[in-house]
Asker: 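Let me begin by handing over the structure; questions about it come next.
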Protein chains: 2
Amino acid sequence: MAGNTGAREGGDRLGAVLRPVRAGNGFEEALEQILQVVRLGLVPDGERLPAERELAERLGVSRVTLREVLRVLHDQGLVESRRGRYGGTFVLRRSDGAGEDELRRRTAEVDIEDVLRFREVLEVGAAGLCAAHGLSGEGVVRLRRALDHTRDAPLADYRRRDTLLHLTLAGLCGSPSLAAQYAAVRAGVNDLLDCIPLLVRNLEHSQRQHTALVEAVLDRDADAAREIAREHCAGTAALLRGFLA
Amino acid sequence: MAGNTGAREGGDRLGAVLRPVRAGNGFEEALEQILQVVRLGLVPDGERLPAERELAERLGVSRVTLREVLRVLHDQGLVESRRGRYGGTFVLRRSDGAGEDELRRRTAEVDIEDVLRFREVLEVGAAGLCAAHGLSGEGVVRLRRALDHTRDAPLADYRRRDTLLHLTLAGLCGSPSLAAQYAAVRAGVNDLLDCIPLLVRNLEHSQRQHTALVEAVLDRDADAAREIAREHCAGTAALLRGFLA
DNA sequence: AAGCAATGGTTCCCCGCCATACCTTATGGC
DNA sequence: GCCATAAGGTATGGCGGGGAACCATTGCTT
């Protein structure tokens, strides 16, 4: 019957919307998000995560569940907890090799093309929006500071500051939804980047692009900003495809 | 202490990632997604939703919870259930006025700028990706068919077919993540559009843009595709800002 | 030295949701 | 006309997670 056929065709279309309502249980999602914070370098090695009570509230899970997450991270050697006033949960420097298989597992199950394409769209979009609408005075300061921060970065901290620069730009584009999605996809990109070596030559190239990108945004030259962002992403994408394909 | 200050500054940065792990309970999220299906017109008026057992499984909630959702939708006059073989849950034609306050409530709590900007980024990005990477033979067919479908649309069904065209494009861009996000943001856009009148003049303009957009994509002219998509979004955005601001 | 405050650590109870099984209704085929 | 089938409708037990209260530890402040 016609209606039935229509419903079946529609059924395929529904796939984009009718995805599972939660990617996993509360525990798994909370774990994922805290890992994101760490992988994005939002809390650098040695620094403290928010207190358990605050973290639990912000993640929308109970403290009990959050503590299970922290216990797992502790068992994997990623964090350390200290009691008492001015105690807390601290991010440990990842002794290279720890969680290596974890990384393999994670990168094995992501759709690399999906990540790279989505990242490019968001990155280019954020740059274009920032340039087209202009930044507030405070926005200019934040962006400049983030850029300067990448210039004098020690090699070991470059990727983290690079990430922060891009997150800053995404955060300034005027779309919180875009910023949130960028954070998520960027965590995925960082996972991929952690699988390949950091080449100084790429880094210098990247740095020139950062400078040009920020200039274009501040000049409110949207087309230029978009084009630079696109090239920037294409560079990373080519690198990753080359190493991982 | 320096570490403490750093942690506080970091705390602000964490905002983009440390969002609540679930927007609500299972019931609310399932409701939201089914509403999305209806609002996107993925199941047209009079057609049947997937069977309860299938829907529950695809949404990752129990049938009990799903049925609570359907009961709410039934009470609001949006769906009707019929028992027996070839029964099911059917989407009712929305008698204008029903759920009107619901719409007001919903549109009141969305960040219009966020929605419009994010939508533009995704729309432009999807068009650019499709044009840049080219479509498969089947992709070409699907896109053409969706476009043709908007041409001979009765006025009452235009917005639905328009939505389907854009969803098709997003689905063909090679990034499932982008497609999913587009579906979500488009549902929000449709809510906003439902608050303003449908002007035939805008519709004709829109239709010309659709044709040009599809042509640009099929010609693999990414710059043109992006530019048309941008104009297309700007038109809708201006309309919405004018009526709702 | 005493007290306070901020943090991690622990326990308890209750609710919401899930899984499962079963019942009821309507339709088509034998 | 009977029965198989596919759908919605109902009932129950179990458990994961949440909320709240409390304990334990540390270091600053007085």
Side-chain angles (χ1 to χ4, degrees), chain A residues 1-5 7-8 10-11 20-34 43 46-75 78-92, chain B residues 1-5 7-8 10-11 20-34 43 46-75 78-92:
Chain A
M1 136 187 353
N4 216 339
T5 308
R8 278 199 201 129
V21 98
R22 343 146 120 124
N25 51 31
F27 165 78
E28 284 169 2
E29 290 197 35
L31 173 60
E32 199 55 36
Q33 291 205 27
I34 294 183
V43 176
E47 293 291 324
R48 216 195 64 178
L49 288 170
E52 288 184 359
R53 291 168 177 82
E54 186 193 339
L55 205 47
E57 186 177 3
R58 292 179 70 168
L59 289 175
V61 299
S62 76
R63 226 187 119 206
V64 181
T65 303
L66 174 70
R67 281 180 51 73
E68 282 180 44
V69 171
L70 294 180
R71 200 175 65 81
V72 169
L73 295 177
H74 175 84
D75 289 349
L78 287 172
V79 301
E80 185 191 39
S81 291
R82 292 204 287 273
R83 310 228 295 203
R85 193 173 185 182
Y86 300 96
T89 305
F90 297 81
V91 176
L92 297 179
Chain B
M1 141 186 351
N4 215 336
T5 308
R8 277 200 199 127
V21 97
R22 344 147 120 123
N25 52 31
F27 165 79
E28 284 170 3
E29 289 197 35
L31 174 61
E32 199 56 35
Q33 291 205 28
I34 294 182
V43 176
E47 292 293 323
R48 217 196 64 178
L49 289 172
E52 289 184 358
R53 290 169 175 83
E54 187 193 338
L55 248 189
E57 186 177 3
R58 294 179 68 168
L59 289 175
V61 300
S62 76
R63 221 185 124 208
V64 181
T65 304
L66 174 71
R67 281 181 52 72
E68 281 179 45
V69 171
L70 294 180
R71 199 175 66 80
V72 168
L73 294 177
H74 176 84
D75 290 349
L78 288 172
V79 301
E80 185 191 39
S81 291
R82 293 204 287 275
R83 310 228 297 203
R85 194 175 182 176
Y86 300 95
T89 306
F90 296 81
V91 176
L92 296 179

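Here the structure is a predicted model, which is why all the values come from computation and not from measurement. Per chain, numbering begins at 1; letters A, B, ... match sequence-line order.
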Asker: Within less than 4.0 Å of OP1 or OP2 of C/dG16, is there a side-chain N or O belonging to B/T65?
Answerer: no

Asker: From C-beta outward on B/S81, which listed nucleotide comes closest to its side chain: C/dT11, D/dG9, C/dG8?
Answerer: D/dG9

Asker: How many whole angstroms separate atom CG of B/L66 from atom P of C/dG16?
Answerer: 18 Å

Asker: In whole angstrom, what separates B/L55's CG from D/dG8's P?
Answerer: 9 Å

Asker: Give a yes or no on this: more than 12 heavy atoms of other residues, nucleotides or ligands lie within 6.0 Å of atom CD of A/E57.
Answerer: no

Asker: Can you check the A/F27 CZ to D/dG18 P distance for me, whole Å?
Answerer: 12 Å

Asker: Give the rounded distance in Å between these two atoms: CZ of A/R67 and P of D/dC22.
Answerer: 18 Å

Asker: Measure all distances between protein nitrogen or oxygen atoms and nitrogen or oxygen atoms of nucleotides 5-7 of chain C, and list the pairs falling under 3.5 Å.
Answerer:
unit_1, atom_1, unit_2, atom_2, d
C/dA6, N3, A/R85, N, 3.3

Asker: Specify the separation, in whole Å, of atom CZ of B/R71 and atom P of D/dG8.
Answerer: 17 Å

Asker: How about A/L78 and A/V72: do any of their side-chain heavy atoms sit closer than 4.5 Å?
Answerer: no

Asker: Quick one: A/R58 CZ to D/dG18 P, roughly how many Å, whole number?
Answerer: 18 Å

Asker: Without decimals, in angstroms, what is the distance between B/L49 CG and D/dG8 C1'?
Answerer: 13 Å

Asker: Does the side chain of B/L59 come within less than 4.5 Å of B/V69's, by heavy atoms?
Answerer: no

Asker: Between the base of C/dG9 and the side chain of A/R63, is there any donor-acceptor pair under 3.5 Å?
Answerer: yes

Asker: Between atom OG of A/S62 and atom CZ of A/R53, what is the distance when rounded to the nearest 0.5 Å?
Answerer: 12.5 Å

Asker: Using a 4.5 Å cut-off on heavy atoms from C-beta on, say whether the side chain of A/L70 contacts that of A/I34.
Answerer: yes

Asker: Check this one for me: any side-chain N or O of A/N25 less than 4.0 Å away from OP1 or OP2 of D/dG17?
Answerer: yes

Asker: I need the CD-P distance between B/E68 and D/dG9, as an integer number of Å.
Answerer: 14 Å

Asker: Work out which heavy atom in B/F90 is nearest to a heavy atom in B/R82; give both atom names and the distance.
Answerer: CZ-NH2, 3.3 Å

Asker: How close do A/L66 and A/E52 get, counting heavy atoms only, and between which atoms?
Answerer: CD2-O, 3.2 Å

